[in-house]
Trainee: 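Here it is, the structure in full.
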Amino acid sequence: MKGLVREYLVFWQEVWRAYHTTGAILPSSRALGRALARYVGRQKNAQWILEVGPGTGAVTRWILTRMRPEDRLDLVEINERFVAQLQQRFMAEAPFDRFQAQVRIFHTPVQQMPETQPYDLVISGLPLNNFQVSEVQAILQKMTALLRPGGVLSFFEYMGIRRLRGLVAGRADRQRLQGIERMFRELFQRAEIRRDWVWLNVPPAWVHHLQPVANPSGAFTPSL
């Protein structure tokens, strides 16, 4: 209980300080965590997993419940307070501490992650709808580049968020959201293998599971 209270406290403090990169009002629910971790532990061989934007570890907890002793998990987080919280949890809090030897934490933007380790799964909690179109494109390209062939990229977005925000947004922000919409639509048509509807979350969310195919012509470039 103490760890959960600290998780929520740190999360809410960072929501007020850095909402642009936090992008939520509550940590991900159990249902959302389970959906994002759907493909963890599903292959015969050991899995290398990358979680992008783990925050305080709400989804990380569900990834760990499905990991096997031979699996490995890397976490990449840009927020230094979230990094410190994650480090503390893996040092002293159950069940995180049991996986300490299987986990590495990187304090850096995902765009700067080295591509030396191909991942079987990339699970993202980034609030992509908060970013500029060029940022979303760069993030998606990088996460795809980090996947090994046949790997799965899983990420979530709140249901109808672009449409709702577009109703109250100014012209520039509507154009930004429309650019993201076009990019996602193209990506989902080519690569989505499953979509989970998660109603037990605040707000409700979709989880997109993709098997992207490398495209040197710039697959994530929207037609603005």
Trainee: Taking all non-hydrogen atoms of both residues into account, name the closest pair between I180 and F131 and its distance.
Mentor: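 Taking every non-hydrogen atom into account, CD1-O, 3.5 Å.
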
Trainee: Does atom CG of L200 have more than 12 heavy-atom neighbours, drawn from other residues, nucleotides or ligands, at distances under 6.0 Å?
Mentor: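 No, CG of L200 has 12 or fewer neighbouring heavy atoms, counting only those of other groups under 6.0 Å.
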
Trainee: Given 3.5 Å as the limit, does a donor-acceptor pair link the side chain of R89 with the main chain of T56, or not?
Mentor: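 Side chain of R89 to backbone of T56, a donor-acceptor pair under 3.5 Å: yes, one is there.
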
Trainee: side-chain contact (heavy atoms from CB on, under 4.5 Å) for R38 and V207? Distances and angles first, verdict last.
Mentor: CA-CA 10 Å; R38 174 175 295 279; V207 175; over 6 Å; no

Trainee: Could you tell me the separation between the NE2 atom of H107 and the CD1 atom of I78, rounded to the nearest 0.5 Å?
Mentor: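 Taking NE2 in H107 and CD1 in I78, the distance rounds to 7.0 Å.
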
Trainee: When you group the ILVMFWY residues by side-chain heavy-atom contacts below 4.5 Å and let the links chain together, are L177 and F155 in the same group?
Mentor: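 F155 does not cluster with L177.
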
Trainee: Got R66 and R42 here, is their nearest side-chain heavy-atom distance under 4.5 Å?
Mentor: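 No - every pair of side-chain heavy atoms lies 4.5 Å or more apart.
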
Trainee: Suppose the criterion is ring-ring contact (aromatic ring centres under 6.0 Å, His included): which pairs have a residue in residues 49-71, not counting sequence neighbours?
Mentor: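 Qualifying pairs, neighbours excluded: none.
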
Trainee: Can you get from I123 to I193 by hopping between Ile, Leu, Val, Met, Phe, Trp and Tyr side chains that sit under 4.5 Å apart?
Mentor: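 Per the 4.5 Å side-chain linkage, I123 and I193 are co-clustered.
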
Trainee: If every non-hydrogen atom of L147 is compared with every non-hydrogen atom of V152, which pair is closest and at what distance?
Mentor: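 Scanning both residues, the minimum pair turns out to be CD2-O, 3.5 Å.
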
Trainee: Pair E135, R176 - check salt bridge (Lys or Arg N to Asp or Glu O under 4.0 Å), show working.
Mentor: CA-CA 11 Å; E135 293 177 299; R176 180 186 68 82; over 6 Å; no

Trainee: Identify the heavy atoms of P118 and W48 that sit nearest to each other, and give their distance.
Mentor: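 For P118 and W48, the tightest heavy-atom pair comes out as O-CB, 4.0 Å.
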
Trainee: Are any non-hydrogen side-chain atoms of D74 and V76 less than 4.5 angstrom apart?
Mentor: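 No, too far: nothing below the 4.5 Å cut-off.
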
Trainee: Can you tell if the side chain of I105 reaches within under 4.5 Å of the side chain of E77, non-hydrogen atoms only?
Mentor: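 Answer no - side chains too far apart.
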
Trainee: Under the rule for side-chain hydrogen bond (donor to acceptor under 3.5 Å, both in side chains), what residues qualify as partners of E157, not counting sequence neighbours?
Mentor: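 Only N129, R162, H208 meet the side-chain hydrogen bond (donor to acceptor under 3.5 Å, both in side chains) criterion with E157.
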
Trainee: To the closest 0.5 Å, what do you measure between NZ (K44) and CD (E70)?
Mentor: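 Reported to 0.5 Å precision, the distance equals 13.5 Å.
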
Trainee: Would you give the length of the straight line joining atom CZ of R185 to atom CD of Q189, rounded to the nearest 0.5 angstrom?
Mentor: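 So the CZ of R185 and the CD of Q189 are separated by 7.5 Å.
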
Trainee: Given 3.5 Å as the limit, does a donor-acceptor pair link the side chain of Q100 with the main chain of F90, or not?
Mentor: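 Checking the backbone N and O of F90 against the side chain of Q100, a donor-acceptor pair under 3.5 Å is found.
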
Trainee: Contact between V136 and F184 at the side-chain level, heavy atoms closer than 4.5 Å - yes or no?
Mentor: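 Of all side-chain heavy-atom pairs linking F184 with V136, at least one is under 4.5 Å.
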
Trainee: Within the 4.5 Å heavy-atom criterion, are R72 and Q117 side-chain neighbours or not?
Mentor: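 Contact flag for R72/Q117 side chains = no.
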
Trainee: Can you tell if the side chain of I63 reaches within under 4.5 Å of the side chain of L121, non-hydrogen atoms only?
Mentor: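 Answer no - side chains too far apart.
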
Trainee: Could you go through M143 and S124, starting from their C-alpha distance and side-chain angles, then the distance that decides it, and tell me whether this counts as side-chain contact (heavy atoms from CB on, under 4.5 Å)?
Mentor: CA-CA 9 Å; M143 292 194 298; S124 173; 3.7 Å; yes

Trainee: Of all heavy-atom pairs between E115 and A145, which one has the smallest distance, and what is that distance?
Mentor: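 Heavy atoms of E115 and A145 come nearest at OE2-CB, 3.7 Å.
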
Trainee: Each residue besides W197 in its hydrophobic cluster should be listed here, by chain and number; the cluster joins Ile, Leu, Val, Met, Phe, Trp and Tyr at side-chain heavy-atom distances under 4.5 Å.
Mentor: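 Traced through the cluster, W197 reaches M159, W199, W206.
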
Trainee: Give the minimum heavy-atom separation between N79 and R81, together with the two atoms involved.
Mentor: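 The answer is OD1-N, 2.9 Å.
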
Trainee: Kindly compute the distance separating NE2 (H209) from CG (L36), expressed to the nearest 0.5 Å.
Mentor: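 The CG atom of L36 is 7.0 Å from NE2 of H209, to the nearest 0.5 Å.
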
Trainee: Answer yes or no: is there a side-chain heavy-atom contact under 4.5 Å between M113 and L50?
Mentor: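 With C-beta onward as the side chain, the pair touches.
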
Trainee: Evaluate whether atom CZ of R163 has more than 12 neighbouring non-hydrogen atoms of other residues, nucleotides or ligands under 6.0 angstrom away.
Mentor: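 Counting other residues, nucleotides and ligands, CZ of R163 stays at 12 neighbours or fewer.
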
Trainee: Side-chain contact, heavy-atom cut-off 4.5 Å: L73 with T60?
Mentor: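 Yes, side chains in contact.
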
Trainee: What I want to find out is whether E186 reaches R182 closely enough, with some N-O distance under 4.0 Å, to be called a salt bridge.
Mentor: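 Salt bridge between E186 and R182, a charged N being under 4.0 Å from a carboxylate O: no.
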
Trainee: Give the minimum heavy-atom separation between Y39 and S154, together with the two atoms involved.
Mentor: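 Looking at all heavy atoms of both residues, the shortest contact is CD1-OG, 4.4 Å.
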
Trainee: Are L210 and F188 close enough, and set up right, to give a side-chain contact (heavy atoms from CB on, under 4.5 Å), and what steps lead you there?
Mentor: CA-CA 7 Å; L210 315 172; F188 298 156; 3.9 Å; yes

Trainee: Tell me whether R30 at atom CZ has more than 12 heavy atoms from other residues, nucleotides or ligands lying less than 6.0 Å away.
Mentor: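 Atom CZ in R30 is not crowded, with 12 or fewer foreign heavy atoms closer than 6.0 Å.
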
Trainee: Give a yes or no on whether the backbone of R68 and the side-chain of D71 come within a donor-acceptor separation of less than 3.5 Å.
Mentor: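 At least one qualifying donor-acceptor pair exists.
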
Trainee: With rounding to the nearest 0.5 angstrom, report the CD to CG distance, E192 to L187.
Mentor: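 Taking CD in E192 and CG in L187, the distance rounds to 8.0 Å.
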
